[in-house]
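Notes follow once the structure below has been shown.
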Number of protein chains: 2
Amino acid sequence: MVVRESEIRASEVAVTAPAADDAGLVFIGRIGTPWVSRIQTPRQGRLDGPVCRIEVFPPWIAALDGLERYERIEVIYWLHLSRRDLVRQSPANDGRSRGTFSLRSPVRPNPLGTSIVQLVGIDNGIVSVRGLDCLDGTPLLDLKPDRTLFSPLAPPQSGDFQVGESS
Amino acid sequence: MVVRESEIRASEVAVTAPAADDAGLVFIGRIGTPWVSRIQTPRQGRLDGPVCRIEVFPPWIAALDGLERYERIEVIYWLHLSRRDLVRQSPANDGRSRGTFSLRSPVRPNPLGTSIVQLVGIDNGIVSVRGLDCLDGTPLLDLKPDRTLFSPLAPPQSGDFQVGESS
């Protein structure tokens with residue numbers, strides 16, 4: 001098995017990426033998983049996978065209130081070891097490549113990972129879940145209810161009723 | 001109808017947020033929608049909603065190759081007008097509040113929006129989709145195939161087969 005460190009494979013294409021300073025992120029927690037090397041991590045998480053512990057940092061622990069209502073949650077994290085300059089990638093390293101946006105590879109201009117996970121429990125700022133696929137120590141960016149389980153509490157607005165062709 | 005500008009509502013809680021400089025984002029495009037004010041935007045997008053145009057900037061247009069294979073795609077964007085310091089919010093402004101992570105409100109420590117959209121077409125760096133819920137001019141951060149339609153091209157790793165209780 002071969003792990004991507006920083007090499008470029010045959011048929012991959014890198015660009016000179018613009019500076020990544022259009023907006024700034026704050027790491028709001030850290031994700032604990034069983035995977036300490038990139039040759040171990042799942043390509044895709046599974047809802048019957050091992051329980052992982054998401055540690056939420058102060059002052060954001062208070063923001064967890066109510067999350068326990070949802071069986072599944074969306075986790076957004078920062079793929080901190082990924083290069084950001086490839087526009088074509090060769091996941092199978094077989095001489096064929098595809099555009100980065102047609103893949104769920106961690107290598108992307110903004111290395112944002114998203115997973116839908118099964119909630120196991122929330123205790124003292126620790127959110128236990130199944131279904132992650134990231135390295136131990138991955139920085140946490142956001143938690144939200146799964147979109148398919150969430151109904152807005154705010155009153156509807158005109159756009160909620162809009163259908164059709166306009167653009 | 002009331003739009004949140006920068007007020008704090010009864011029962012909402014703000015914190016002194018740490019500096020948002022742990023990682024930097026690059027805006028890779030701009031999203032065109034019919035909604036030019038926050039009192040119009042849908043609370044949630046709908047797959048039969050109006051066609052919206054996602055403009056991808058160079059040098060990232062080449063990264064779109066292959067995305068046309070997927071009927072639905074995940075769009076990640078930057079909710080550029082949102083405050084970032086609320087840990088409890090009152091979406092209905094009724095004196096009751098819940099933690100930010102139990103809501104899909106745009107107001108969050110890292111204002112990252114995610115939607116699953118229906119792909120209409122890709123032409124010349126413009127990705128046309130239905131199902132968005134964001135303001136006209138919203139900065140684009142990432143595009144990925146819908147996770148439920150995507151099979152990894154890279155060979156499996158040990159984590160792909162791991163189930164159970166370990167943490």
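Labels below follow one simple rule: chain letters A, B, ... track the order of the sequence lines, proteins then strands, and each chain is numbered from 1. These numbers were taken from a predicted model, which means no experiment stands behind them.
Residue I73(A): no heavy atom, backbone or side chain, is found under 4.5 Å from chain B. Heavy atoms of Y70(A) lying under 4.5 Å from chain B belong exclusively to its side chain. When heavy atoms are compared at a cutoff of 4.5 Å, L143(A) approaches chain B by way of both its backbone and its side chain. The parts of R98(B) that come within reach of chain A are both its backbone and its side chain, each placing non-hydrogen atoms under 4.5 angstrom from that chain. For D21(A), the part sitting under 4.5 Å from any heavy atom of chain B is the backbone (N, CA, C, O) and nothing else. The parts of W60(A) that come within reach of chain B are both its backbone and its side chain, each placing non-hydrogen atoms under 4.5 angstrom from that chain. The parts of R104(A) that come within reach of chain B are both its backbone and its side chain, each placing non-hydrogen atoms under 4.5 angstrom from that chain. At a 4.5 Å heavy-atom cutoff, S128(A) makes no contact with chain B through either its backbone or its side chain. Contacts of L112(B) with chain A are made by both backbone and side-chain atoms, with heavy-atom separations under 4.5 Å.
Top candidate by heavy-atom pairs under 4.5 Å with chain B, chosen from A19(A), G45(A), S115(A), is S115(A). In terms of heavy-atom pairs under 4.5 Å with chain A, the best-connected choice from T114(B), T41(B), L141(B) is T114(B). Chain B forms the most heavy-atom pairs under 4.5 Å with one residue out of A17(A), G66(A), P109(A), and that residue is P109(A). Counting heavy-atom pairs closer than 4.5 Å to chain B, the top-ranked of the candidates P152(A), A92(A), P145(A) is P145(A). Note on E68(B), R147(B), E74(B): by heavy-atom pairs under 4.5 Å with chain A, the leading option is R147(B).
The minimum heavy-atom distance linking F150(A) with S102(B) is given by the pair CE1-O, 3.7 Å. When every heavy atom of N110(B) is checked against every heavy atom of D142(A), the shortest pair comes out as O-OD2, 3.8 Å. Contact between L153(A) and P91(B) at its shortest, heavy atoms only, is CB-CB, 3.7 Å. Listed here is the closest heavy atom pair of P42(B) and G159(A): CG-O, 3.5 Å.
Here the straight-line distance linking atom CZ of F101(B) with atom CD1 of I28(A) works out to 3.5 Å at 0.5 Å rounding. Remark: S158(B) OG to I39(A) CD1 distance equals 7.5 Å, nearest 0.5 Å. In this structure, I116(A) CD1 and T148(B) OG1 are separated by 10.0 Å, a value rounded to the nearest 0.5 Å. Note that CG of D65(B) and CG of L103(A) are 9.5 Å apart. Values are rounded to the nearest 0.5 Å.
Counting heavy atoms of neighbouring residues, nucleotides and ligands inside a 6.0 Å radius, atom CZ of R30(B) does not exceed 12 of them.
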Passes side chain to side chain contact (heavy atoms under 4.5 Å, CB included), V26(B) versus D22(A)? Steps please. CA-CA 5 Å; V26(B) 56; D22(A) 291 320; 3.8 Å; yes
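Remark: side-chain polar atoms of Q89(B) are not paired, donor with acceptor, to backbone N or O of A63(A) under 3.5 angstrom. A donor-acceptor pair is defined here as one N or O able to donate and one able to accept, closer than 3.5 Å; such a pair exists between the side chain of D160(A) and the backbone of R43(B).
Residues V75(A) and F27(A) do not share a hydrophobic cluster, clusters being chains of Ile/Leu/Val/Met/Phe/Trp/Tyr side chains in contact below 4.5 Å. Side-chain heavy atoms closer than 4.5 Å link hydrophobic residues (I, L, V, M, F, W, Y) into clusters, and following such links, even through other members, never connects V56(B) to W78(B).
For the 3.5 Å distance criterion, the side chains of W35(A) and Q162(B) qualify, holding a donor opposite an acceptor.
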